[in-house]
Amino acid sequence: MLGTYHMQALLEALADLHHIHNASQLYAFVLNRCGDVLKAQGGTFYSVFQSTGELYPEASRGVPLVSLQEMPFKMSLGIAGWVATNRSAALVENAQLDERFNRAVDVLTGVKTRSVICVPIVRQDKILGVVELVNRTDGIFRPADLEFLQHLSNQVGIAWESCKLYEKTENLLAYTDSVINSLTGGFISTDVQGVVTRCNPSACRILEIDEKDVLDKPLLKSIPQYSAFSAILDATQKNQSPVLRQEIELKKTNGSTIKIGYSTFIIRRGPEILGAGMIFQDLTRFVASSVNPEKTVSAKFPVDNLNT
């Protein structure tokens, strides 16, 4: 049963823990918060790689991280290795007398290890990491310290998994941004309310608009001069009927017209419709350079019939 001090520290740590979405920040936060609460001279947060049987230092306290990362940490060596292998916590009063202790670490860091407290971080029966603290400055680590660390490590596994998922999502968004922004054709998408969710640079160039004037705003209100765009996307979404290789003439604010070739698509998440999108090209120059321009047929888009 945790006492008042450890319980308060645990609640404060948990309140901060789940606001962290970056794994590197998570490693440092957990190690330093635990180190502060348990008055540890030093410590290390390790990732565990079972495929290679190694631990990798992700954050350190008391010694430079780069120094630890230059040294291999095997799961077959040291107290941290034992904890990772057995998925069991360790509370060591005198490390120098413990047969599991790896004295090479003291040689590398220049710190004589006395007491050690170490817990595994496990999520869904998979060992993810190990938190190890050394040398409580006011004595030795106690059972209450171990209970605090174990309770926190249970939540660290969840937070760690969330960080990895968040990073994957961020990477996927970055990849999607790179692809969409590099398209030579225009790309516009809206949500189910008709609010613009994406507008790439080519769309801005073709339509002579500014992204900040349309993004996160209703498409019909942000570019009223191109009301057909809103009607097309609205019809695509409501009728769940994407179109391919259609053409439309749009009148610009200066009175000139541009001929647009476009295709639309539905944006889904499983069965749920999230919105609609359009990819398009400016065909005006191709029409103008046609050998027989008088034979070019202008496909007027029936805007009035889109909502029927």
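Predicted, not measured: the structure shown is a model, and the values here were computed from it.
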Side chain to side chain contact (heavy atoms under 4.5 Å, CB included) against [X], all qualifying residues, sequence neighbours excluded:
X      : value
Pro271 : none
Ser24  : Asn22
His6   : Leu2, Leu38, Ala144, Asp145, Phe148

Neighbour count above 12 (heavy atom, 6.0 Å) for Lys112 NZ: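 Open.
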Look at atom CD of Glu93 and say whether more than 12 heavy atoms of other residues, nucleotides or ligands are closer to it than 6.0 Å.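 Not more than 12 within 6.0 Å, no.
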Should Asn102 and Met71 be marked as a side chain to side chain contact (heavy atoms under 4.5 Å, CB included) after you check the CA-CA gap, both sets of side-chain angles, and the distance that decides it? CA-CA 12 Å; Asn102 182 9; Met71 179 179 179; 4.1 Å; yes
Cluster check [X], [Y]: I/L/V/M/F/W/Y, side chain < 4.5 angstrom:
X      : Y      : answer
Leu149 : Val130 : no
Ile258 : Tyr262 : yes
Ile158 : Trp160 : no
Leu77  : Phe101 : no
Val131 : Trp82  : no

Evaluate Asp106 against Thr113 for side chain to side chain donor-acceptor pair (under 3.5 Å), listing each step before the verdict. CA-CA 7 Å; Asp106 279 9; Thr113 303; 2.7 Å; yes
Is there a side-chain contact between [X] and [Y] in this structure, where contact means two heavy atoms from C-beta onward sitting under 4.5 Å apart?
X      : Y      : result
Val156 : Leu152 : yes
Thr176 : Arg198 : yes
Leu17  : Val30  : yes
Ile260 : Ile206 : yes
Leu207 : Ile188 : yes
Leu31  : Leu133 : yes
Cys204 : Cys199 : yes
Gln246 : Met278 : no

Given Glu161 and Gln124, is the side chain to side chain contact (heavy atoms under 4.5 Å, CB included) satisfied, shown in steps? CA-CA 10 Å; Glu161 193 174 68; Gln124 296 182 341; 3.8 Å; yes
Sequence neighbours excluded, every pair satisfying ring-ring contact (aromatic ring centres under 6.0 Å, His included) that has a member inside residues 224-248: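 The answer is Phe229-Phe280.
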All pairs passing ring-ring contact (aromatic ring centres under 6.0 Å, His included) where residues 176-196 contributes a residue, at least two apart: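 Output for this query lists Phe187-Phe265.
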Between [X] and [Y], what is the shortest heavy-atom contact and its length?
X      : Y      : result
Leu283 : Glu247 : CD1-OE2, 3.7 Å
Gln150 : Ala89  : NE2-CB, 3.5 Å
Ala276 : Thr236 : CB-CG2, 4.3 Å
Val83  : Ser88  : CG1-O, 3.1 Å
Ala203 : Asn200 : N-OD1, 2.8 Å
Ser241 : Thr264 : O-OG1, 4.5 Å

Is a donor on one side and an acceptor on the other found under 3.5 Å between the side chain of [X] and the backbone of [Y]?
X      : Y      : result
Glu167 : Ala23  : yes
Asn181 : Asp177 : yes
Gln237 : Val192 : yes
Ser263 : Arg245 : yes
Arg103 : Gln96  : yes
Arg123 : Ala159 : no
Thr85  : Gly81  : yes
Arg61  : Ala40  : yes

Atom pair [atom1]/[atom2] of [X] and [Y] - distance to nearest 0.5 Å:
X      : Y      : atom1 : atom2 : result
Lys217 : Ile223 : NZ    : CD1   : 12.0 Å
His19  : Leu14  : NE2   : CG    : 11.0 Å
Asn135 : Ile140 : CG    : CD1   : 12.0 Å
Asp191 : Ile267 : CG    : CD1   : 9.0 Å
Ile79  : Glu99  : CD1   : CD    : 10.5 Å
Arg33  : Leu10  : CZ    : CG    : 10.5 Å

List, one per line, each side-chain donor-acceptor pair under 3.5 Å for residues 46-58, sequence neighbours excluded.
{"residue": "Ser47", "atom": "OG", "partner": "Glu58", "partner atom": "OE2", "Å": "2.6"}
{"residue": "Thr52", "atom": "OG1", "partner": "Phe49", "partner atom": "O", "Å": "3.4"}
{"residue": "Glu54", "atom": "OE2", "partner": "Lys74", "partner atom": "NZ", "Å": "2.9"}
{"residue": "Tyr56", "atom": "OH", "partner": "Gln69", "partner atom": "NE2", "Å": "3.3"}

Test log, rule side chain to side chain contact (heavy atoms under 4.5 Å, CB included), inputs Ile248 and Ile232: CA-CA 10 Å; Ile248 183 175; Ile232 292 168; 4.0 Å; yes
So, Ser189 versus Thr197: side-chain donor-acceptor pair below 3.5 Å or not?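 Yes, a side-chain donor-acceptor pair sits under 3.5 Å.
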For Arg100 and Val92, what are the C-alpha separation, side-chain angles and deciding distance, and is it a side chain to side chain contact (heavy atoms under 4.5 Å, CB included)? CA-CA 10 Å; Arg100 298 168 296 182; Val92 181; 3.5 Å; yes
